[in-house]
Amino acid sequence: MSVQLPRDVQKRVKAEIYRQADETHYLRMGRIDNGIFMDSLLACEDVGGVLRQYMPSEKVRTYIKDGVLNRYSKDRRPLERDIDTVIDSTYGLGAVEIEYRKPVSLHRLDSGELLVASRGAYAKWETAVRRMLEFMAAAPGLTDGSRAPRKLLVLFSGGAIINLADRELLCRGLQLLGIEMAVYEESA
């Protein structure tokens with residue numbers, strides 16, 4: 001049985017989590033720091049204390065992580081839909097969007113080539129690649145024939161500093177799959 005939070009409580013808790021996440025630069029944190037931040041939210045009376053009034057203690061962590069922090073990460077990620085500037089800077093060509101199924105889109109470049117672009121967080125690049133491949137496998141005719149579409153993986157840093165060696169290694173690995181990579185390093 002799921003517990004329904006009153007709307008005003010839900011908004012107040014969400015606002016407090018967002019405030020603290022902004023203040024601590026949550027999107028820049030690694031897994032260990034994320035765990036410490038989560039523990040601080042659970043101990044905070046305005047977050048964990050309030051939520052424990054409406055749900056069992058063992059469900060509070062899941063609610064914060066799945067119900068609020070996942071949404072926070074998506075809300076704070078720029079360029080979710082409009083990646084025209086990334087395509088232009090990567091290929092030096094304009095593009096027209098043909099289809100969009102979040103987070104993957106199909107474009108026709110000014111050169112006439114097709115392009116499949118997938119967006120995702122740098123820390124979860126595997127998920128963005130999987131979604132791209134699922135999109136292509138489900139699209140009739142996209143993988144048939146001699147003119148396969150170009151593939152672009154647009155990754156968002158989340159404000160984190162990306163190690164150059166790790167970035168180059170991922171780029172080389174993706175090239176083995178015929179996938180080009182663009183990293184958008186937003187500051188949090």
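Predicted model only: the values in this text are computed from it and were never measured.
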**Request:** Search all heavy atoms of T62 against all heavy atoms of E58 and return the closest pair with its distance.
**Result:** OG1-O, 4.3 Å
**Request:** Apply side-chain hydrogen bond (donor to acceptor under 3.5 Å, both in side chains) to the pair Y91 and E180, showing each step before the final yes or no.
**Result:** CA-CA 10 Å; Y91 299 105; E180 297 163 278; 2.8 Å; yes
**Message:** side-chain contact (heavy atoms from CB on, under 4.5 Å) for V68 and L41? Distances and angles first, verdict last.
**Reply:** CA-CA 11 Å; V68 183; L41 290 174; over 6 Å; no
**Message:** So I17 and Y72, do their side chains get closer than 4.5 Å, heavy atoms only?
**Reply:** no
**Message:** Once you measure the plane-to-plane angle for Y26 and F37, does it fall in the parallel (<30°), tilted (30-60°) or perpendicular (>60°) bin?
**Reply:** tilted
**Item:** Heavy-atom pair with the smallest gap, counting every atom of T90 and A182
**Value:** OG1-CB, 3.9 Å
**Message:** Nearest 0.5 Å, please: how far is CG in D84 from OG in S89?
**Reply:** 10.5 Å
**Asked** In Å, rounded to the nearest 0.5 Å, how long is the span from CZ of R167 to CG of L155?
**Response** 9.0 Å
**Request:** Apply the test side-chain hydrogen bond (donor to acceptor under 3.5 Å, both in side chains) to residues R172 and Q175: give CA-CA distance (whole Å), side-chain angles for both, the deciding distance (0.1 Å), then the verdict.
**Result:** CA-CA 5 Å; R172 284 197 313 270; Q175 285 174 345; over 6 Å; no
**Message:** Quick check: do N163 and E168 have side-chain heavy atoms less than 4.5 Å from each other?
**Reply:** no
**Message:** Is there a side-chain contact between L51 and L5 in this structure, where contact means two heavy atoms from C-beta onward sitting under 4.5 Å apart?
**Reply:** yes
**Asked** Quick one: do V86 and L93 end up in the same hydrophobic cluster if we chain Ile, Leu, Val, Met, Phe, Trp and Tyr together by side-chain heavy atoms under 4.5 Å apart?
**Response** yes
**Item:** Partners meeting salt bridge (charged side-chain N to carboxylate O under 4.0 Å, His left out) with D46 (sequence neighbours left out)
**Value:** none
**Message:** If hydrophobic clusters are built by linking Ile, Leu, Val, Met, Phe, Trp and Tyr wherever their side-chain heavy atoms come under 4.5 Å apart, do L177 and L106 end up in the same one?
**Reply:** yes
**Item:** Atom pair CD1 (I64) and NZ (K59), whose distance is rounded to the nearest 0.5 Å
**Value:** 14.5 Å
**Prompt:** In the single-linkage hydrophobic clustering (I, L, V, M, F, W, Y; side-chain heavy atoms under 4.5 Å), do V183 and L169 co-cluster?
**Reply:** no
**Message:** side-chain contact (heavy atoms from CB on, under 4.5 Å), that's the test. Do D166 and Y122 meet it? Break it down for me.
**Reply:** CA-CA 11 Å; D166 290 342; Y122 183 84; 4.1 Å; yes
**Prompt:** How far does NZ of K151 sit from CG of L115, to the nearest 0.5 angstrom?
**Reply:** 10.0 Å
**Item:** Minimum heavy-atom distance A95-D110, with the two atoms named
**Value:** N-OD1, 4.1 Å
**Message:** With a sphere of 6.0 Å drawn around CG of L176, does it hold more than 12 non-hydrogen atoms of other residues, nucleotides or ligands?
**Reply:** yes
**I179 and W125, any side-chain heavy atoms less than 4.5 Å apart** = no
Going by atom type alone, with no hydrogens or angles, which donor-acceptor pairs under 3.5 Å involve a side-chain atom of residues 127-142 and a protein atom two or more places apart or on another chain?
{"residue": "R130", "atom": "NH1", "partner": "E134", "partner atom": "OE1", "Å": "3.4"}
{"residue": "R130", "atom": "NH1", "partner": "E134", "partner atom": "OE2", "Å": "3.1"}

**Prompt:** Hey, are the side chains of V96 and H107 touching, using non-hydrogen atoms and a 4.5 Å cut-off?
**Reply:** no
**Request:** Output all residues satisfying salt bridge (charged side-chain N to carboxylate O under 4.0 Å, His left out) with R52, sequence neighbours left out; order by chain, then residue number.
**Result:** none
**Intermediate values then yes/no, side-chain contact (heavy atoms from CB on, under 4.5 Å), I87 and L109** = CA-CA 9 Å; I87 292 172; L109 296 171; 3.7 Å; yes
**Interatomic spacing from CE in M55 to CD in Q4 - rounded to 0.5 Å** = 9.5 Å
**Interatomic distance, R12 atom CZ to Q10 atom CD [nearest 0.5 angstrom]** = 11.5 Å
